[in-house]
2 protein chains.
Amino acid sequence: MASDTLDATFAALADPTRRAILARLAQGEATVMELAAPFAMSQPGVSKHLRVLERAGLISRGRDAQRRPCRLEATRLKTAMDWLADYRSYWEESYQRLDDLLGELEAGTSGAGEREVR
Amino acid sequence: MASDTLDATFAALADPTRRAILARLAQGEATVMELAAPFAMSQPGVSKHLRVLERAGLISRGRDAQRRPCRLEATRLKTAMDWLADYRSYWEESYQRLDDLLGELEAGTSGAGEREVR
DNA sequence: CAGTTCTATAACTAGATGGTTTTATACGTG
DNA sequence: CACGTATAAAACCATCTAGTTATAGAACTG
């Protein structure tokens, strides 16, 4: 609900590397090295992405000796999805709206000033 | 599905002004001036936000004399939601995982390695 | 045609972002 | 204790972002 939370969440999701990291974590915990492996990127580069994800609350980190295993935290994803869900009717209605429009055109109702489709 | 599409969509959503603009457009078409009114921001500032939204495919614009009415385009919102929906099980499972953890603690299974409570 | 309204463009600024390399820290192992 | 491994932090750089003001263009209005 907090605007800052949505800001940070959507911003974190707006990067393909970070989305790939989340996809990897969906399969289970992973260390920084494991997460970095698939990417042509330095380890500090990956660490910076992880910091972004952590500050957005999308991952959390444990401690296992020198390792800092990362784990997916899905509740912020739910928050983002809840925001998007408010718009669901707008894409679900699109077929209906198209039908309405086509109906009007056939009936010759078009041209009456400007007709808001939605 | 295209990574660039998700990049642009999530990046566009990562700003409270732009989310507010989308919320306003959910009530119907609006001109730039109408969209700018609620914000303590210059008109060019709002125009720049609209350009971001348009390039992300989240709005489209018509033409009505000098006005360029904006309209919500919801399909990219659906694309974003579809991406998030892949993670739905991870937040729906969280109660189950908590149950599992409490069960283990009761059974005295804690302390085997480290079980992160989070 | 002159003026007004609506919107976009240009040029600029401050700060954030995404990446790098280098260095430091923390922990386990010999 | 010395060394290797895993990660973070620092410093730096190029680019992007979000905002500004000032200006220009496009269309209506008188």
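Heavy-atom basis, side chains included; hydrogens, waters and symmetry copies ignored. Note on naming: letters A, B, ... go to the chains in the order of the sequence lines (proteins, then strands), and numbering restarts at 1 for each one.
What separates CE of Met41(A) from C1' of dT21(C) is a distance of 15 Å, to the nearest Å. Lys48(A) places its NZ atom 13 Å from the C1' atom of dT15(D), with the value rounded to the nearest Å. The nearest whole Å value for the distance from the CZ atom in Arg68(B) to the P atom in dA26(D) is 12 Å. Rounded to an integer number of Å, the gap from Arg51(A) CZ to dA16(C) C1' is 12 Å. Per the geometry, CD belonging to Gln66(B) stands 9 Å off P belonging to dA27(D), to the nearest Å. The separation between Leu50(A) atom CG and dA6(D) atom P is 15 Å, rounded to whole Å. The distance from atom CZ of Arg55(B) to atom P of dT9(C) is 12 Å, rounded to the nearest whole Å. The distance between atom CE of Met33(A) and atom P of dG4(D), rounded to the nearest whole Å, is 15 Å.
The line from CD of Glu54(A) to CZ of Arg51(A) is 9.5 Å long, rounded to the nearest 0.5 Å. Interatomic distance, Glu34(B) CD to Leu25(B) CG, rounded to the nearest 0.5 Å: 10.0 Å. With values rounded to the nearest 0.5 angstrom, Ile59(B) atom CD1 is found 7.5 Å from Ile21(B) atom CD1.
Exactly one residue among Arg61(A), Arg68(A), Arg67(A) makes a salt bridge (charged side-chain N to carboxylate O under 4.0 Å, His left out) with Asp64(A). That residue is Arg67(A).
In this structure, Ser47(B) does not reach the dT7(C) phosphate: none of its side-chain N or O atoms is under 4.0 Å from OP1 or OP2.
Checking dA8(D), dA27(D), dT20(D) against the side-chain heavy atoms of Arg61(A) singles out dA8(D) as nearest. When each of dA18(D), dT7(D), dA10(C) is scored by its nearest atom to the side-chain atoms of Asp15(B), the top-ranked nucleotide is dA18(D). Closest contact between the side chain of Thr31(A) and the listed nucleotides dT21(D), dT7(D), dA8(D) involves dT7(D). Checking dT5(C), dG18(C), dT21(C) against the side-chain heavy atoms of Arg18(A) singles out dG18(C) as nearest. When distances are taken from the side chain of Ala65(A) to each of dG18(C), dT7(C), dG28(C), the shortest belongs to dG28(C). Across dA18(D), dA22(D), dT21(C), the shortest atom-to-atom separation from the side chain of Ser42(A) is found for dT21(C). Side-chain atoms of Val52(B) lie closest to dA18(D) of the nucleotides dA18(D), dC27(C), dG19(C).
Look at Arg19(B) and Asp15(B) and you find no salt bridge, because none of the NZ, NE, NH1 or NH2 atoms lies under 4.0 Å from a carboxylate O.
At a cut-off of 3.5 angstrom, the base of dA6(D) holds no donor-acceptor pair with the side chain of Gln43(A).
Of the residues near DNA chain C, Arg67(A) and Ala11(A), the one whose nearest nucleotide (by heavy atom distance) lies more toward the 5' end is Ala11(A).
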